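What follows is one structure encoded as structure tokens, with my remarks underneath.
Just the heavy atoms: all of them, side chains too, but no hydrogens, waters or symmetry mates, feed the values below. Keep in mind it's a predicted model, so treat the numbers as computed, not measured. In what follows, every chain begins at residue 1, and chains take the letters A, B, ... in the order their sequences are listed.
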Amino acid sequence: MDSKLDKGYEPHDVEAHWYAFWESEGLFAAKESGDENAYSIVIPPPNVTGVLHMGHALNVTLQDILCRYRRSKGDNVLWMPGTDHAGIATQNVVERQLATEGTDRHKVGREAFIERVWEWRKQYGGAIINQLKRLGASCDWDRERFTMDEGLSRAVRKVFVDLYDQGLIYRGDYIINWCPRCHTALADLEVEHEPTDGKLYQILYPFAQGEGGLVVATTRPETMLGDTAVAINPKDKRYAELEADKVILPIMNREIPIVRDSYVDTKFGTGALKVTPAHDVNDFEIGLRHDLPRIKVIGEDGCMTEEAGDYQGMDRFECRKKVVEDLKKLGLLKKIEPHEHGVGQCYRCKTTVEPNLSKQWFVKAKPLAEKAIKAVETKKTRIIPEVWEKTYFEWLYNIRDWCISRQIWWGHRIPAWTCADCGEVMVRLEDPEKCACGSTNLEQESDVLDTWFSSALWPFSTMGWPENTELLKTYYPTSVLITGFDILFFWVARMMMMGLHFMDDVPFKDVYIHALVRDEEGKKMSKSKGNVIDPLEVIESQGTDAFRFTLASFAAMGRDIKLSVKRIEGYRHFINKLWNAARFTLGHIEKNPDAAANASKPTAIPDRWILSRLHQVTQQVEETLDSYQFNEAANILYKFVWHEFCDWYLEAVKPILYDETGKFDRNTTIATLQRVLTNTLVLLHPFIPFVTEELWHHMPGTQGSIMKAPFPADTDEAIGLCPDKEAEGEMELVMGMVTAIRNIRGEMNIPPNMALATVVQPSDEANSIIIEREKDLIANLARLSSMKIDLNRPKGAATAVVDGNTVYVLLEGVIDLDKEEARLEKEIAKLTNELIKLDKKLNNEDFLAKAPDDVVEKVRGQQAELTEKRDHLESNLEKVRQIHGDKG
RNA sequence: GGGCGGGUAGCUCAGUUGGGAGAGCACCGGCCUUACAAGCCGGGGGUCACAGGUUCAAGCCCUGUUCCGCCUACCA
């Protein structure tokens, strides 16, 4: 391998190369079983029709971070991938394809159509999978599953049959949400309510006998054709004296009863409600209570049925206009007023949904929901962040039966047969051949199941259930589910219900809910001024690693993520920074190939300091990842690499590396450098897998893939991770003094190439020793020509106070006294401000009495420190003013 | 109607038991210092939406107000 690195990092080839390498080496493969701790995640299966969007990118990145991290900790990791057959969506896609060929599914026929869908899947179904690979996803691809696979289909069938036998699935005539365009029933969840400006029509229904009538209000006048009653509240005083018990339904001229039902809201409109049991959920229930007929006037195609009389065949919205017109002519339309209300739309095609009477299959949700609630209450499953628990409970407490049948062709066909001769319904695991009555004239239910029915089984169906497989024994329940809150109900809650019912255990121990990047469907995308960003374009322009690091640092955000290319760029720079730090390191290793072998225990403060820092960073990364604080982990590493390792450590050890000190062993420093970089790569690998793998292979002493490298741990080695408080303290003093001197340089506009002479008055003997020991280091970092320890105050100097030590930058002749005066005044003002606050605290009796001792001590310490610092600066300001006065 | 989340630097946002207000980008000034100009050094900038309250101490806890967003719902 070429050990030389290019000047800048070029992600393109590197990414493709290493991904292929990982796959060919089988590094993503999970073992069926083993002694290691088992760690498992099932991927939220993207729609097979899907195209990678930001939501996937974030979701997959977080899962990949966890999986790679857990592998480095020695776990046996299973990340189960796959896709969802997405019934309606996929069927739509293929139907559109047929349309371009001038045909449709009805002409083609059911079997041939399903063939076509499979063909489509074969050809295009892998697109989303390949896009996940671009992100670096380390799924066990050999186990890839599809909800329509044979095995998963068997699981679906078993679940259906069992639930039916247990009385938890039933079939019946109910009001369901009907999409006239998709031609199928929808679950309540699949209907989106859009606020729409509609109209409220008030219509007079005359009494059957005598004068007058009742005025009812509706937003859907066309449904009146199917009215079978008018309802009023029995407590409504306005109607207490009402004698009439029938009205004439206008247009249809049908006599319908006036019923009394407490559902009616006396405060709304006239308090009289038209009842259409076949086209409204509430009316349906009123109808049940009063035994009203159900007249279906709107058909499955959205057009009026023959029950609608003269309006038969009309589109429902055309009919609305015509009915209104006709009512006007009859003088029965009393009022039209604007009325905003929520109109249900199909979540797939946005067509206005029609509540419609229909025979459908339902899952009795309550008994299943109870267990799902309890599992979260008892923390068998933790939802993280916890705030989402409330939403989860809220929905499950109010859960309604789940309509699972869909009148489409693509999906799991319901395993129910009806005997054409005796009407017997058979729900069987194996296709029945004949009925108990002897008839072989059986007809299978034509409906298929809701796609979510099969994805609710995902955590165990993918592992081979209903067989009791090794995989299930090893990996169920899964360790964590990573998902967005948008499918908390659709998917998470239903997996909980099914998992608990069929596996008798929760499907996952943790659920981590992350923020959402609104999809290209862009509900509110137009609002947020930023354009939709395509993850693949980002990967092209910025590289996967930069993109992933950005996403990780976004993980903690609330509910919405606004991604800016600018911000990703910042992390691309970070990747490049790391690259160059490695380039620098490798250059020195190359010049001294035997350094590591000849190294000894580090004595130089920067070496000891960086090892101590790495020790702490390692612990922090562990803690934050274990608690799903992805952004924290990413930020800790970012700061460590850039602002500690690069900004301070590399600069600090340059003199040693160039062997200019005569004091320190170059081999030891090179070995430390190597050790720190190597371990840092391992820490970073879960976040930025490609660049770290690339650099790993350039590092001497590494073997194989970085994916196999263990997470850094403390060792007894000479150069190992260990806390070193002394080195940290000493380095902090060094950094403080260097920064203070640089500040003077910057504010006084002294060119960087001008070396400065300094004098230091140490605060005490201990500091004096440290400063004496580290003065070369300080001098190098601050570009000093000299640093003398001297208790006398020099003339014509700029001053800084660090930790009680006063630093004088000698600038006689060069110093701009005006500037120095201003600079000191500014600094003193700042200190005074802070001191006022501290004084206030310390003069407060209550604070002294009630605050914990350590807090009081801390404030006292601060006060002393700042006071001393201010005193020093003030006396120096005095001095400057004297000189200034002499001159001026 | 019910529920939830948010309002912190010019912008995008962090801030997990209440105890010195942060990052990135943008901005200003100085640097081609032999890993990196995708860089280095320094700097300015915030009554943490508003009003009360609890507390020795509030960005953080409580109450109210306001603005924005989301989820959910069977008011025709």
Hey, does the side chain of [X] come within less than 4.0 Å of [N]'s phosphate (OP1/OP2), counting only N and O?
{"X": "A:Asn743", "N": "B:G43", "answer": "yes"}
{"X": "A:Arg583", "N": "B:C36", "answer": "yes"}
{"X": "A:Tyr397", "N": "B:G2", "answer": "no"}
{"X": "A:Arg742", "N": "B:C40", "answer": "no"}

For the pair [X] and [Y], find out whether any cationic side-chain nitrogen is under 4.0 Å from an anionic carboxylate oxygen.
{"X": "A:Glu569", "Y": "A:Lys566", "value": "no"}
{"X": "A:Arg220", "Y": "A:Glu354", "value": "yes"}
{"X": "A:Arg823", "Y": "A:Glu820", "value": "yes"}

Exercise for the section: Record whether the side chain of A:Glu651 comes under 3.5 Å of the base of B:A35 through a donor-acceptor pair of N or O atoms. Expected result: yes
Exercise for the section: Return yes if the base of B:C4 and the side-chain atoms of A:Lys390 contain a donor-acceptor N/O pair under 3.5 Å, otherwise no. Expected result: no
[X] side chain: which of [options] is closest?
{"X": "A:Glu747", "options": "B:A76, B:C56, B:G42", "value": "B:G42"}
{"X": "A:Val387", "options": "B:A38, B:G5, B:U72", "value": "B:G5"}
{"X": "A:Lys826", "options": "B:G43, B:A38, B:C36", "value": "B:G43"}
{"X": "A:Asp647", "options": "B:G29, B:A35, B:C40", "value": "B:C40"}
{"X": "A:Lys830", "options": "B:A35, B:A76, B:G44", "value": "B:G44"}

Handout entry: 5' precedence on RNA chain B between A:Thr739 and A:His341 (nearest-nucleotide basis)
Key = A:Thr739
Completion exercise
Walking RNA chain B from its 5' end, the first of A:Phe490 and A:Pro751 to be reached, judged by nearest nucleotide, is A:Pro751
Please measure how far the [atom1] atom in [N] lies from the corresponding atom in [M], and state the result in whole Å.
{"N": "B:U47", "M": "B:A21", "atom1": "P", "answer": "14 Å"}
{"N": "B:C67", "M": "B:A26", "atom1": "P", "answer": "36 Å"}
{"N": "B:A51", "M": "B:G29", "atom1": "P", "answer": "37 Å"}
{"N": "B:C36", "M": "B:G19", "atom1": "C1'", "answer": "41 Å"}
{"N": "B:G44", "M": "B:C4", "atom1": "P", "answer": "43 Å"}

Exercise for the section: Select base, sugar-phosphate, or nothing to describe what A:Tyr9 touches, counting heavy atoms under 4.0 Å on all strands. Expected result: base
Exercise for the section: Verify the distance criterion only: is there a donor paired with an acceptor across the side chains of A:Glu192 and A:Tyr347 at less than 3.5 Å? Expected result: no
Exercise for the section: Run the ring-centre check on A:Tyr658 versus A:His588 and record whether the distance is less than 6.0 Å. Expected result: yes
Practice task
Would you check if the distance from the ring center of A:Tyr638 to the ring center of A:Trp642 is below 6.0 Å?
Solution key: yes
Completion exercise
Protein heavy-atom contacts under 4.0 Å, written 5' to 3' over nucleotides 19-28 of chain B as B (base), S (sugar-phosphate only) or - (none), form the string BB---SS---
Handout entry: Among A:Leu681, A:Asp647, A:Thr680, A:Ile636, side chain to side chain contact (heavy atoms under 4.5 Å, CB included) partner for A:Val641
Key = A:Thr680
Handout entry: Identified stems (criterion: three or more consecutive Watson-Crick or G-U pairs, under 3.5 Å), RNA chain B
Key = B:1-7 with B:66-72, B:10-13 with B:22-25, B:27-31 with B:39-43, B:49-53 with B:61-65
